[in-house]
Amino acid sequence: MKGPSSMVPFDKLRARHGPRSLKRTHTCGDLTAKHAGKKAVLTGWCDVRRDHGGLVFVDLRDRYGKTQVVLDPKKIRQAKEIRPEYVLAVSGAVRKRPKGMENKKMATGAVELAVEECAILNRSPTPPFEISEEKEVSEDLRLQYRFLDLRKPKMQKFLILRHQTAQIVRNYFSQKGFLEIETPMLTRSTPEGARDYLVPSRVQAGKFFALPQSPQLFKQLLMVAGFDKYFQLVKCFRDEDLRADRQPEFTQIDVEASFVEREDIFALVEGLMAVLLKEVLGVKIKTPFDRLSYVEALWNYGSDKPDRRIVWKIVDVSEIFQKSPFKIFSQAVAGGKSVQTLKVTGTGVLVRKDFEALEALAVRSGARGLGWAKLTKEGWMSPIAKNFSEADKSALVKELQLKEGDAVLFVADEKNLACAVLGTLRLELAEKLKAIDTARNDFCWVTDFPLFEWSALEKRYVSVHHPFTSPHPDDLSLLAGEPQKVRSQGYDLVWNGSEIGGGSIRIHDRALQQQVFEILNISSADAERRFGFLLKALEYGAPPHGGIALGFDRLVMLLSGADSIRDVIAFPKTASATCLMTEAPAEVDARQLKELHIQTTR
RNA sequence: GGGGACGUAGCUCAAUUGGUUAGUAGCGCUGCCCUGUCACGGCAGAGGUUGCGGGUUCGAGCCCCGUCGUCCCCGCCA
């Protein structure tokens with residue numbers, strides 16, 4: 001029991017919790033000159049207070065805006081008590097501000113509320129940081145006091161935009177005949193893919209649920225059930241390390257449809273993106289989006305999520321160096337490797353040290369080294385060009401259309417690796433040289449991914465997308481002999497160099513699914529144990545089907561211009577997957593563990 | 001798992017090469033004054049375990065080791 005000293009006097013308690021005479025009539029974003037002369041009651045938080053002694057101005061804030069209210073301390077005794085973040089209800093007359101006193105920066109700046117009655121609904125200690133966008137506050141403090149951080153208009157704008165985006169998505173799919181169907185959060189662990197978050201079962205001793213990494217299997221089962229058009233805004237969970245655009249729990253726009261081909265999914269999603277950009281950003285985009293094969297993307301841009309707002313492309317110059325006196329390149333070509341180049345424009349500011357830093361990055365990215373040449377007024381500035389023949393140089397100038405101020409980066413290696421390294425440098429340099437056309441919105445589909453890749457770690461093939469992705473029909477004959485050459489019917493959606501979604505046409509044939517499991521070195525007993533329900537469903541009249549999942553948080557981040565995914569999630573986790581506000585995850589009582597039949601080892 | 005940046009007042013930051021008792025710092029906070037401000041203004045004031053632990057040194061905010069936390073990147077993320 002608390003002592004009497006901490007008791008709140010009864011009349012104050014009644015003021016806070018009792019019936020209220022001041023019921024809100026307008027929000028703090030509502031009032032304009034046309035309300036002048038009317039009575040209004042506003043509620044909100046004190047944003048700033050300007051005390052002039054005989055007159056007190058308070059900017060009252062709620063999620064709709066801010067309104068200046070004016071208090072005469074002689075009439076309103078609470079005027080002097082008000083502090084930032086106090087919760088107020090004020091009534092009075094709306095009046096036009098005196099001539100010349102209008103505030104053009106405020107939406108409600110033409111008017112103010114002359115307060116006749118003021119109730120302090122709650123008080124606040126001085127907050128740990130100011131609720132304003134003027135100053136950067138360290139993110140750990142913001143996350144600790146998330147309820148205050150979310151009071152900032154900018155954060156509220158993000159969450160409002162998130163809501164609007166969700167509404168548009170739901171409307172779009174509903175209008176196209178798609179049904180939103182929920183799938184379980186407590187499901188079975190599927191060891192393929194990311195690490196699972198596990199949930200112990202109390203009732204089934206020693207057994208565990210897993211939180212879904214995605215509703216992949218359930219949505220396929222819905223197709224088998226005949227719900228031929230499904231979507232869901234759904235939470236997914238992956239226990240992997242975080243990034244600026246990755247959270248352990250995140251939201252997907254999950255979509256699946258039956259009797260469709262790749263192009264049907266593309267058109268569906270293109271339509272959605274067009275509506276979203278129009279409604280949210282007021283931007284008209286061109287559809288259909290360009291389609292690039294995985295190989296095209298990699299060979300031209302050095303990435304499977306190319307940012308085509310950067311004009312520089314990778315060019316294969318192996319042929320030029322076939323007979324070059326520069327042994328490093330000519331021998332690489334002779335040995336079946338290749339020489340890849342990236343021409344970079346506007347490099348006037350780059351000096352030797354910058355290229356050396358680039359070389360270090362290239363080496364970190366897996367290259368053996370980096371060749372570079374910069375065309376200056378004095379000629380070729382380069383540690384390697386002195387080894388080039390004149391024929392090499394003129395062929396390069398012609399092939400790459402080199403001009404003064406351009407630089408060329410060279411990587412000689414196995415083609416895919418060399419391109420990937422140049423792809424990394426391309427992004428790095430474009431950022432540094434501000435060579436990204438940020439006014440552009442570039443969408444593209446990347447298709448024809450390999451179905452499998454060899455995992456050196458696990459010494460087996462693993463799925464590039466997931467094990468239910470259908471092989472490309474033209475490559476079925478390669479499945480048995482050369483699985484690494486099989487392309488998949490998977491696809492990614494890329495927006496300005498960010499992967500915002502991925503999907504595939506699925507396998508709907510039990511025998512083919514079995515064969516894929518075999519290539520993945522999943523025994524039929526294993527497959528039966530883990531995915532038996534799916535295999536069984538495939539036997540009972542599974543329709544051809546396919547779909548996509550779009551990263552909702554990432555999408556909202558890009559639509560809102562937020563620079564971190566955390567800014568568009570109300571209560572996000574830190575890079576070490578903890579919540580600084582609730583301090584989750586936390587230890588639990590020994591009794592709880594016992595009930596769950598669990599013992600911890602540390 | 002690995003690499004990098006950062007951690008000083010409530011907040012944002014400063015503090016020369018390791019040198020007195022940490023800085024007239026900005027914002028915020030407290031008190032007083034002020035009837036037209038809007039990032040109000042004026043005067044006065046309070047506020048510090050330099051994340052934590054250890055070491056080197058005559059002397060550490062600064063150097064070294066460890067640790068904790070935040071952020072970014074690689075691995076990882078079907």
Side-chain angles (χ1 to χ4, degrees), chain A residues 47-60 66-74 79-80 83-85 95 97-106 108-109 112 114 125-145 148 190-196 213-214 216-217 236-248 250 360-361 364-366 424 427-428 449 451-453 455-458 461-469 488 490 499 502-504 506 516 520 522 530-531 549 551 563-564 566 573-578 580 583:
Chain A
D47 190 54
V48 283
R49 173 186 57 116
R50 293 176 293 277
D51 185 348
H52 288 239
L55 192 67
V56 177
F57 298 98
V58 168
D59 288 346
L60 202 63
K66 289 174 191 170
T67 302
Q68 172 166 288
V69 305
V70 189
L71 304 97
D72 179 351
K74 287 200 289 292
K80 293 282 179 186
R83 293 290 179 278
E85 304 316 317
R95 69 182 180 207
R97 295 198 189 179
K99 265 227 160 60
M101 299 296 162
E102 299 88 355
N103 186 342
K104 295 226 160 58
K105 285 185 279 182
M106 275 173 111
T108 62
E112 62 192 7
T126 303
F129 52 83
E130 293 159 64
I131 313 305
S132 109
E133 266 105 57
E134 307 289 327
K135 271 190 309 200
E136 290 281 309
V137 181
S138 73
E139 197 161 357
D140 50 341
L141 199 69
R142 289 175 53 203
L143 290 173
Q144 220 180 102
Y145 289 90
L148 294 181
T190 51
E192 201 78 2
R195 293 186 185 91
D196 286 320
Q213 296 173 23
S214 82
Q216 180 59 38
L217 295 170
C236 303
F237 306 85
R238 291 177 193 175
D239 187 5
E240 294 294 345
D241 289 344
L242 284 74
R243 285 285 190 287
D245 60 355
R246 253 162 42 190
Q247 281 274 303
F250 60 97
L361 176 60
R364 276 203 302 284
S365 312
T424 304
L427 292 178
E428 171 82 11
F449 285 87
L451 187 59
F452 306 109
E453 66 187 342
S455 165
L457 193 73
E458 298 183 51
Y461 285 107
V462 293
S463 295
V464 168
H465 188 49
H466 60 52
F468 319 108
T469 302
S488 79
E499 183 204 321
S504 63
R506 327 292 183 188
V516 167
L520 295 170
I522 300 172
R530 292 197 223 157
F531 308 111
D563 34 35
S564 157
R566 293 183 296 278
K573 307 253 182 312
T574 67
S576 48
T578 65
L580 294 179
E583 297 183 301

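So that the names make sense, note that chain A is the first sequence line, chain B the second, and so on, each numbered from 1.
Residue Thr108(A) is out of contact with every strand shown, counting any heavy-atom pair closer than 4.0 Å. In this structure, Pro128(A) reaches the sugar-phosphate backbone alone: every heavy-atom distance under 4.0 Å involves primed, P, OP1 or OP2 atoms, never a base. Within 4.0 Å (heavy atoms only), Thr469(A) reaches no atom of the nucleic acid at all.
Side-chain N/O atoms of Arg246(A) and base N/O atoms of C77(B) include a donor-acceptor pair closer than 3.5 Å. Contact of Arg243(A) with G75(B) (side chain to base): a donor-acceptor pair of N or O atoms is detected under 3.5 Å.
Where stacking is scored as ring centres under 5.5 Å apart with planes under 30°, Phe129(A) does not register as stacked on the base of C11(B). Judged by ring centres under 5.5 Å apart and planes tilted less than 30 degrees, His52(A) fails to stack against the six-membered base ring of U37(B).
For the pair Arg49(A) and C38(B), the criterion of a side-chain N or O lying under 4.0 Å from OP1 or OP2 is not met. Of the side-chain N and O atoms in Arg50(A), none sit less than 4.0 angstrom from OP1 or OP2 of U37(B). For Thr574(A) and G69(B), the shortest distance from a side-chain N or O to OP1 or OP2 is not below 4.0 Å.
Side chain of Thr578(A) to main chain of Leu580(A): no donor-acceptor pair is present (N/O by atom type, distance under 3.5 Å, no hydrogens or angles). Of the possible polar contacts, one joining the Thr108(A) side chain to the Lys66(A) backbone as a donor-acceptor pair under 3.5 Å is found.
Ring-plane geometry between Tyr461(A) and Phe452(A) is classed as tilted, the angle between the planes lying from 30 to 60 degrees on a 0 to 90 degree scale.
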Quick one: which protein N/O atoms are closer than 3.5 Å to N/O atoms of nucleotides 43-52 of chain B? Pair and distance per line, please.
none

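Heavy-atom contacts from other residues, nucleotides or ligands closer than 6.0 Å to CD of Glu583(A) number 12 or fewer. Remark: Glu133(A) CD is packed, more than 12 non-hydrogen atoms of other residues, nucleotides or ligands lying under 6.0 Å away.
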Q: Please assess Glu240(A) against Arg246(A) for the test salt bridge (Lys or Arg N to Asp or Glu O under 4.0 Å), listing each intermediate value before the final yes or no.
A: CA-CA 9 Å; Glu240(A) 294 294 345; Arg246(A) 253 162 42 190; over 6 Å; no
